[in-house]
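For reference, the structure is listed below as structure tokens.
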Amino acid sequence: MAASRKLASFRLPPLPTVGELIKLYNLRAEKQLSQNFLLDLRLTDKIVRQAGSLRDAHVCEVGPGPGGLTRSILNAGAADLLVVEKDTRFIPGLKLLSEAAPGRLRIVHGDILTYRLDRGFPTNISKPWEGDPPNLHIIGNLPFSVSTPLIIKWLENVANRTGPFTFGRTRLTLTFQKEVAERLTASTGSKQRSRLSIMAQYLCTVHNCFTIPGRAFVPKPEVDVGVVHFTPLVQPQIQQPFQLVEKVVRNVFQFRRKHCHKGVEKLFPEARRVELTQEVMQQADVDPILRPTELTIPQFRALADAYARLCAHEPALLTYEFREELRLKHVARKSNTASSPTLTDAPSGVAESSATPLKK
Ligand code: SAM
């Protein structure tokens with residue numbers, strides 16, 4: 001009885017529905033900003049439940065938009081909800097919500113990609129990394145174009161215990177395009193196993209909670225959406241700097257369908273490739289004819305450790321980038337072509353930047 005009274009006190013007073021708010025403030029979804037809204041509060045409640053108990057929690061919601069998910073977070077008992085929204089049109093509607101939940105909703109008009117979350121919450125909510133996670137959650141239904149770069153940035157933050165992870169092992173509940181959600185959580189040997197699977201799973205426990213059909217959103221996106229929950233691990237499964245791990249994983253997955261030694265070779269300049277690849281594969285005790293998708297995280301750890309040992313002896317190896325070499329060769333060939341137009345051009349795609357986003 002007392003518990004139900006307490007729960008009732010979290011709940012928001014009667015408000016216009018999210019749909020009515022959208023009409024009231026003329027909040028047409030901007031196609032350019034990939035805005036797709038969730039108006040069904042049962043669905044937003046279900047997303048919020050994946051975060052675990054929010055009673056008295058501090059929460060950051062990224063991209064609240066018209067505030068459906070925001071209402072569910074408040075109704076779940078969050079004591080302090082900081083929302084970061086880029087589009088000013090949503091601010092008046094969010095202010096209305098803030099008045100309905102006095103002292104519980106803080107509104108930031110800003111870009112989550114640059115906002116300093118480490119300054120967004122009081123330091124006294126921090127918990128030691130080795131202990132339980134802090135009572136701080138990040139929740140969001142973001143455009144796919146933002147959620148993927150953002151999770152890569154946050155994974156690096158997990159590795160370095162910076163940004164939202166200065167408070168401890170902050171948990172994340174985020175939406176992704178279904179295919180990306182599957183990659184993030186793919187296990188060894190599965191078709192979706194990719195760079196993202198390794199980078200997420202060496203640092204976090206990652207759980208693909210459920211899929212939301214595209215038709216649940218207004219307007220309906222082309223694809224279905226996956227809700228993914230992350231809890232940073234106390235001990236990362238690979239104990240090397242994030243950039244080094246990223247480099248090894250990126251190179252190995254460069255040729256997804258080939259034997260993994262093909263990708264490992266590309267960690268080294270051409271003249272040393274055979275010798276150093278053999279050394280790394282032997283030291284790591286990894287079968288060179290396994291496919292990248294068949295490698296376990298302990299095998300990636302062994303590869304990263306072996307590569308790090310080599311780099312410790314020869315630091316110049318660390319700066320070698322195969323794709324950069326290709327790019328330079330391509331530029332040189334192009335300038336030759338300009339003076340001798342009969343030469344054929346390099347195949348397209350060769351000039352791809354070395355900082356290709358973490359996709360497959
Ligand atoms: N959370 C709302 C919902 O579920 O109905 C809106 C979802 S809509 C897919 C994404 C929201 O994120 C929009 O309100 C958009 O303006 C906002 N947004 C997009 N990029 C952002 C960024 N870089 N920083 C903060 N908010 C952003």
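We count ligands from 1, going down the list as the structure has it; atoms in each ligand are counted the same way.
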Report yes if [X] has an N/O atom closer than 3.5 Å to an N/O atom of ligand 1; otherwise report no.
X: Asn36; result: no
X: Asp111; result: yes
X: Leu69; result: no
X: Pro66; result: no

Query raised in the report: Is the backbone of Glu265 close enough, under 3.5 Å, to the side chain of Arg273 for a donor and an acceptor to pair up by distance?
Result: yes
Can you tell if the side chain of [X] reaches within under 4.5 Å of the side chain of [Y], non-hydrogen atoms only?
X: Glu182; Y: Phe176; answer: no
X: Val18; Y: Phe37; answer: no
X: Pro16; Y: Leu96; answer: yes

Query raised in the report: For Asn157, which residues count as a side-chain contact (heavy atoms from CB on, under 4.5 Å) partner, sequence neighbours excluded?
Result: Lys153, Trp154, Thr162, Pro164, Phe165
Requested in this report: Please check if any side-chain donor atom of Gln299 sits under 3.5 Å from a side-chain acceptor atom of Glu294, or the reverse.
Outcome: no
Which of the numbered atoms in ligand 1 are below 4.0 angstrom from a heavy atom of [X]?
X: Phe37; answer: 5 (O), 6 (C)
X: Pro143; answer: 10 (C), 12 (O), 19 (C)
X: Glu61; answer: 1 (N)
X: Asp87; answer: 16 (O)
X: Gly65; answer: 14 (O)

Query raised in the report: For the hydrophobic clusters of this structure (ILVMFWY residues joined by side-chain heavy atoms under 4.5 Å, transitively), does one cluster hold both Phe217 and Leu41?
Result: yes
Requested in this report: Inspect the surroundings of CD in Glu275 and state if more than 12 heavy atoms from other residues, nucleotides or ligands are less than 6.0 Å away.
Outcome: yes
Acceptor/donor pairs from residues 232-242 side chains to any protein atom, 3.5 angstrom cut, sequence neighbours excluded:
{"unit_1": "Gln235", "atom_1": "OE1", "unit_2": "Gln239", "atom_2": "NE2", "d": "2.7"}
{"unit_1": "Gln237", "atom_1": "NE2", "unit_2": "Gln201", "atom_2": "O", "d": "3.4"}
{"unit_1": "Gln239", "atom_1": "NE2", "unit_2": "Pro236", "atom_2": "O", "d": "3.1"}
{"unit_1": "Gln240", "atom_1": "NE2", "unit_2": "Asp305", "atom_2": "OD1", "d": "2.9"}

Query - Non-hydrogen atom of Gly68 closer than 4.0 Å to ligand 1 - result: no
Query raised in the report: Does ligand 1 have any atom that is closer than 4.0 Å to a heavy atom of Val84?
Result: yes
Query raised in the report: Between Gly110, Gly63, Ser145, which one has a non-hydrogen atom sitting closest to atom 12 (O) of ligand 1?
Result: Gly63
Query raised in the report: Counting heavy atoms only, which of Arg89, Glu85, Lys86 is nearest atom 16 (O) of ligand 1?
Result: Glu85
Report summary line: Quick look: Phe90 vs ligand 1, heavy-atom contacts under 4.0 Å, and the answer is side chain
Query raised in the report: Counting heavy atoms only, which part of Val146 comes closer than 4.0 Å to ligand 1: side chain, backbone, both or neither?
Result: side chain
**Report entry** side chain to side chain donor-acceptor pair (under 3.5 Å) partner of Asn141, the single match among Thr44, Thr175, Asn36, Thr173
**Finding:** Thr175
